[in-house]
Student: 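Attaching a single structure in structure tokens format; questions to follow.
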Number of protein chains: 2
Amino acid sequence: MDSKIFNLKAKLEVYKAMTNGGNFADCPVRDVIQGISGKWSSLLVMALAEKPYRFGELRRLVPDISQRMLTQTLYDLQRDGYVHREVFPTKPPSVEYSLTDLGRSMFAPLQMLVQWAELNHDAVRAARAAFDAAQA
Amino acid sequence: MDSKIFNLKAKLEVYKAMTNGGNFADCPVRDVIQGISGKWSSLLVMALAEKPYRFGELRRLVPDISQRMLTQTLYDLQRDGYVHREVFPTKPPSVEYSLTDLGRSMFAPLQMLVQWAELNHDAVRAARAAFDAAQA
DNA sequence: CGGGATCCATAGTGATACTG
DNA sequence: CAGTATCACTATGGATCCCG
């Protein structure tokens, strides 16, 4: 099979998916990706991929997230079905967050992206520096 | 090999990469991912993956992007080394945008994410609807 | 044609203080 | 412990007008 034709076909498929065949206003792919493209969403999913955590544990695990953003991001992840929230009626109460099957299914594609980022961040930073130098 | 141990190791690796081993303030992975997580960045990369386009062509191709965001997103993508910008001194001038090798390298991981989103958007929307119904 | 400049609305993010 | 509430600030995105 001609790999060039195959590649172009794949590219068109992906672009078509991202544009919902012209219906930009209501594109499912963009809708889903929007939901996980927040500053903390992917990070928390990756943390919970290891094992379930309680609220305070997550706070200590990710020291630079504010309480507000942790609450809000977990809420959004729960709403979209990625995270399960279980309240244990102890005193004081404890709440455990874990990934659902849907949340776990996100791991593989996210891992690809992270590995790509890890592999290319030097090139990106070099390009950025060269670009800024050329502008000055 | 025990796949469970392997999976946990992979998860820890990815999380470690996303947290820069504790140095959250300057994490390369998050820096790179931030750069492509804009509303239009990935869409334009996927469009240019097919073939180079001129400014006006891109505008018509993605009708719901504003002129400002098209200009700015292309500028950012160029700055990070994903997009090459070539000016043809015709009259009136024409400007062609194309992917660099770095930009092309983004296609595969992005494709994974898009396919995952396509496969799971029904589940996400169902979860969202159920969650909202439960809240009401 | 391919932008730049300006103004404005909204969403995202954070600091702080308070609560069941 | 696990949040809520409030406020302030910044980033993102869009509309409009202008220009070489």
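Any value given below was found using the heavy atoms of this structure, including those in side chains, with hydrogens, waters and symmetry copies removed. All figures in this text were calculated on a predicted structure; none of them were measured in a lab. Sequence lines set the chain letters: A, B, ... in the order given, protein chains first and strands last, and positions in each chain run from 1.
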Student: Report yes if some heavy atom in the side chain of A:Tyr97 is under 4.5 Å from a heavy atom in the side chain of A:Glu86; otherwise report no.
Tutor: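 Side-chain contact under 4.5 Å: no.
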
Student: Rounded off to whole Å, could you give me the CD-to-C1' distance for the A:Gln72 and D:dA5 pair?
Tutor: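 Taking atom C1' of D:dA5 as the reference, CD of A:Gln72 is at 13 Å.
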
Student: Between D:dC1, D:dG3, C:dG4, which one does the side chain of A:Phe55 approach most closely?
Tutor: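 Side chain of A:Phe55 sits closest to D:dG3.
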
Student: Taking atom C1' of D:dA2 as reference, at what distance in whole Å does atom CG of A:Leu58 sit?
Tutor: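 Going from CG in A:Leu58 over to C1' in D:dA2 covers 12 Å.
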
Student: State, with a plain yes or no, whether a side-chain heavy atom of B:Trp40 is found less than 4.5 Å away from one of B:Leu58.
Tutor: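 Result no, sub-4.5 Å side-chain heavy-atom pair not found.
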
Student: Phosphate oxygens OP1/OP2 of C:dG2: is one of them under 4.0 Å from a side-chain N or O of B:Arg60?
Tutor: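 So the side-chain polar atoms of B:Arg60 never come under 4.0 Å of the phosphate oxygens OP1 or OP2 of C:dG2.
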
Student: Answer whether the closest heavy-atom distance between the side chains of B:Leu74 and B:Arg85 falls below 4.5 Å.
Tutor: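 Not in contact.
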
Student: Strictly below 4.0 Å: does A:Arg54 bring a side-chain N or O up to OP1 or OP2 of D:dA2?
Tutor: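 Looking at the OP1 and OP2 atoms of D:dA2, one of them is under 4.0 Å from a side-chain N or O of A:Arg54.
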
Student: Rounding to an integer number of Å, can you tell me how far B:Asp64 CG sits from D:dA15 P?
Tutor: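 It works out to 10 Å between those atoms.
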
Student: Quickly work out the B:Gln78 CD to C:dG2 P distance and round it to whole Å.
Tutor: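 In whole Å, C:dG2 P and B:Gln78 CD are 15 Å from each other.
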
Student: By nearest heavy atom, map A:Ser94 and A:Arg68 onto DNA chain D; which one lands nearer the 5' end?
Tutor: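 Per heavy-atom nearest nucleotide, the more 5' residue is A:Ser94.
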
Student: B:Ile65 has an atom CD1; how far is it from atom P of D:dG13, in whole Å?
Tutor: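 Atom CD1 in B:Ile65 sits about 9 Å away from atom P in D:dG13.
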
Student: Nearest nucleotide by nearest heavy atom, which residue falls closer to the 5' end of DNA chain C, A:Thr73 or A:Pro93?
Tutor: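 The answer here is A:Thr73.
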
Student: Quick one: which of D:dG14, C:dG4, C:dA15 gets closest to the side chain of B:Met69?
Tutor: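 Nucleotide nearest to B:Met69's side chain: D:dG14.
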
Student: Atom CG of B:Leu77 and atom CG of B:Leu48: how far apart are they, to the nearest 0.5 Å?
Tutor: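 The CG atom of B:Leu77 sits 8.0 Å away from the CG atom of B:Leu48.
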
Student: How long is the line joining OH of B:Tyr53 and C1' of C:dG2, in whole Å?
Tutor: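 Nearest whole value for this atom pair: 18 Å.
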
Student: Measure from the side-chain heavy atoms of A:Thr71 and tell me the nearest of C:dG3, D:dG13, D:dG3.
Tutor: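 Nearest listed nucleotide: D:dG3.
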
Student: Taking only side-chain nitrogens and oxygens of B:Tyr97, does any of them come within less than 4.0 Å of OP1 or OP2 of C:dG3?
Tutor: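 It does, given that an N or O in the side chain of B:Tyr97 lies less than 4.0 Å from OP1 or OP2 of C:dG3.
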
Student: Using only side-chain N and O atoms of A:Lys39, determine if any of them is under 4.0 Å from OP1 or OP2 of C:dG14.
Tutor: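 Answer yes for this pair, as a side-chain N or O of A:Lys39 is under 4.0 Å from OP1 or OP2.
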
Student: Is there a side-chain contact between A:Val83 and A:Thr100 (heavy atoms, below 4.5 Å)?
Tutor: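 Result no, sub-4.5 Å side-chain heavy-atom pair not found.
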
Student: In whole angstrom, give the distance that lies between atom CD of A:Gln67 and atom P of C:dT13.
Tutor: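 Result: 17 Å.
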
Student: Distance check needed: C:dG4 P versus B:Arg59 CZ, whole Å only.
Tutor: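 Spelled out: CZ on B:Arg59 to P on C:dG4 is 13 Å.
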
